[in-house]
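Structure first, then comments.
Please read all numbers here as calculations on a predicted model, not as lab measurements. Residue numbers start from 1 in every chain, and the chains themselves are labelled A, B, ... in the order their sequence lines are given, proteins ahead of strands.
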Amino acid sequence: MQKNLQFKGHYVHHGKNHHECELEHGKVHVFANDDVFGSFEAGVYTMADNNLRIPRNQYFSYTPDAHIGVGTCIGTTAVWRMSDGFVSPSIVGSDIGCGMRVHLTPYHSSELSHKDTLKKLVDAIGRFVPTNEITNTNYSDIDILEVVRYGLSGLPEKYRSDQQWLSHVEAANFPYDHAYLEKLPPIIRKYAQGQLGSLGGGNHFIELQRLEIPQDKKELAKSWGMFDGQLIVMIHSGSRAWGAMVGKEHNKVIKAAMDSWGISNPDPALIYAPITSEEGKAYLNLMYSALNFAVANRHMIAFGVQEAFREALGEDIKLPVLYDLMHNYALKEFHRGQPMLVHRKGTTRALPPGHFLNVPAYKETGHPALIPGSMGTASYIMAGRAEGAKNFYSICHGAGRLRSRKATKALVSVEEFQRSMKVGLEDEILVNHDSLESILDECPQAYKDVDAIIDSVVGAELADVVAKCLPLAVIKGR
DNA sequence: ATGTCC
């Protein structure tokens, strides 16, 4: 048996980068290479054990980017049967529907790599896509109720920007019982109306990136419309105040219900309800409203980016969407012959070629799985493998935070951050902030090494790298 | 993550 300094219990080595750790209340599957596995903090196992106290869990795992979160680690895949299982706002995460989107451009990065051009683009994107908490994007012709009811299909015709706008997304619209919308505080609609198409803060970003495609993936990449050196736009955002409020409200309601049911957990922040309970149903229905908002929000961010390209470059170009998917949600999926509720908190679905859940456009190849790195480091576009079935087709969602925002600010200097962004050098990564101080907690030193995370996933045969995406410029909120 | 805190 291999040694893991952090995990004291018994574990089975299942295959390369796949460990099954026995805890008091069940098992957690960990997908990580030896270095990453050895670096896991002890607290993630306590957290797993608390989660495994939730009755009738069918599967629980960590991707290599796993780290401590509220109630449940970010990097968790947790599965219950629909018939007798549980739904947990804590295992969805606070930013419901948080996810990734990539748009392709017709440009080779060398055409736009001049600093003045990039600066112009960054500046324009900053104006067309607000980032602040209090935003007013002024899409007054969009009915926010239509958006949360029907997702992308609730957007007016004029915002349907390209041929692929509805077909190249993980989910354009989640149907649910709209009567539950009446239970939300009315003020939420006002916030949402002003926030649609805005980026938000924290780890959310828009990046201009350059593709680097491995030799053996050139053909697949070409079939996805990608080429070596291509300039692409990567977007990371979620459901803004709408999802935050849905989560907050139901945390309170379900917490009270747990008390009345006599359910308790060592971690008071871990909240869960039977799927068939009224509280569980209410959360699931409104979670879908947040997923609808999130995908429409990313679509509208991309709309703003396209307007910015048009203004900055003076060309009427199209930026077709490659794909849009989420890494914070609970989805009903059929696995092992029955309907299951698959929670992914900071994990990304990567369906393999031929899988029936793929959208038609990617049925043959599997869909692109979009994995962001930290600021100043590479992001990745992956493709799922059939072997991913062992983890319910979940892979990592990014680099994964290494240290808290507070600890990062105490440890890393602005100068170190500037060096990471190559400030002053020829290949400086442009940022939409005059000073990096206000976003110091987002520096690469705050995150794990994304290359080690990707190596873990590839080694575990969950997915392959189709393209490495190198950052040229980044737009962040604060 | 979040109109970031009752």
Side-chain angles (χ1 to χ4, degrees), chain A residues 47 65-76 88-101 129-138 144 148 184-206 235-253 255-256 268-271 283 286-287 289-291 293-298 301 325-330 343-348 372 374-375 397-409 438-443 446-447 475-478:
Chain A
M47 203 153 241
D65 48 335
H67 62 95
I68 299 282
V70 178
T72 301
C73 290
I74 291 96
T76 294
S88 167
S90 313
I91 323 182
V92 167
S94 55
D95 188 5
I96 301 168
C98 186
M100 304 300 302
R101 170 178 277 254
V129 185
T131 59
N132 293 348
E133 296 90 339
I134 302 163
T135 47
N136 191 355
T137 44
N138 279 324
I144 207 67
V148 294
L184 289 170
I187 189 77
I188 192 177
R189 293 180 196 177
K190 196 181 156 221
Y191 296 160
Q193 186 76 49
Q195 287 189 333
L196 187 70
S198 68
L199 185 65
N203 58 9
H204 292 165
F205 68 78
I206 300 169
I235 296 166
H236 180 202
S237 189
S239 55
R240 309 291 279 105
W242 184 280
M245 203 170 274
V246 166
K248 212 177 212 176
E249 290 289 317
H250 289 274
N251 258 280
K252 274 190 279 184
V253 171
K255 179 100 184 137
L270 180 52
I271 307 294
Y283 174 72
L286 289 171
M287 183 199 71
S289 77
L291 299 185
F293 183 92
V295 67
N297 190 46
R298 282 188 297 273
I301 290 170
L325 47 55
M326 321 215 207
H327 48 233
N328 277 8
Y329 59 24
H343 296 70
R344 294 191 180 88
K345 182 184 188 180
T347 57
T348 307
S374 57
M375 267 183 85
H397 87 303
R401 192 163 270 282
L402 181 65
R403 48 179 66 90
S404 70
R405 296 186 183 280
K406 202 179 153 183
T408 304
K409 282 179 186 165
S438 63
I439 51 171
L440 182 58
D441 51 358
E442 281 295 312
C443 69
Y447 286 88
I475 291 95
K476 302 265 302 175
R478 60 184 75 212

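Residue Gly238(A) is out of contact with every strand shown, counting any heavy-atom pair closer than 4.0 Å. Residue Gly93(A) is out of contact with every strand shown, counting any heavy-atom pair closer than 4.0 Å. Within the 4.0 angstrom heavy-atom criterion, only backbone atoms of the sugar-phosphate kind lie near Gly201(A); the bases stay farther away. Using a 4.0 Å heavy-atom criterion, one finds that Glu442(A) contacts the sugar-phosphate atoms exclusively.
Residues passing the salt bridge (charged side-chain N to carboxylate O under 4.0 Å, His left out) test with Lys476(A), sequence neighbours excluded: Glu442(A). Residues passing the ring pair (Phe, Tyr, Trp, His ring centres under 6.0 Å) test with Phe205(A) are His236(A), sequence neighbours excluded. Under the side-chain hydrogen bond (donor to acceptor under 3.5 Å, both in side chains) criterion, Thr72(A) pairs with Asn51(A), sequence neighbours left out. His250(A) is linked by a ring pair (Phe, Tyr, Trp, His ring centres under 6.0 Å) to Tyr283(A), counting only residues two or more places apart in sequence or in another chain.
Distance His236(A) NE2 to dT2(B) C1': 14 Å, rounded to the nearest Å. Taking atom CD1 on Ile187(A) and atom P on dT2(B), their separation rounds to 18 Å, with Å as the unit. In this structure, Glu249(A) atom CD and dT2(B) atom P are separated by 18 Å, rounded to whole Å.
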Please list, one pair per line, the donor and acceptor atoms closer than 3.5 Å that link side chains of residues 186-197 of chain A to other protein atoms, with sequence neighbours excluded.
unit_1, atom_1, unit_2, atom_2, d
Gln193(A), NE2, Tyr139(A), O, 3.4
Gln193(A), NE2, Ile142(A), O, 2.9
Gln195(A), OE1, Ala241(A), N, 3.0
Gln195(A), NE2, Glu133(A), O, 3.0

Show me the protein contacts with nucleotides 4-6 of chain B, counting only N or O atoms at under 3.5 Å.
unit_1, atom_1, unit_2, atom_2, d
dT4(B), O4, Glu133(A), OE2, 2.9

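Listed here is the closest heavy atom pair of Trp242(A) and Leu184(A): CZ2-CD1, 3.7 Å.
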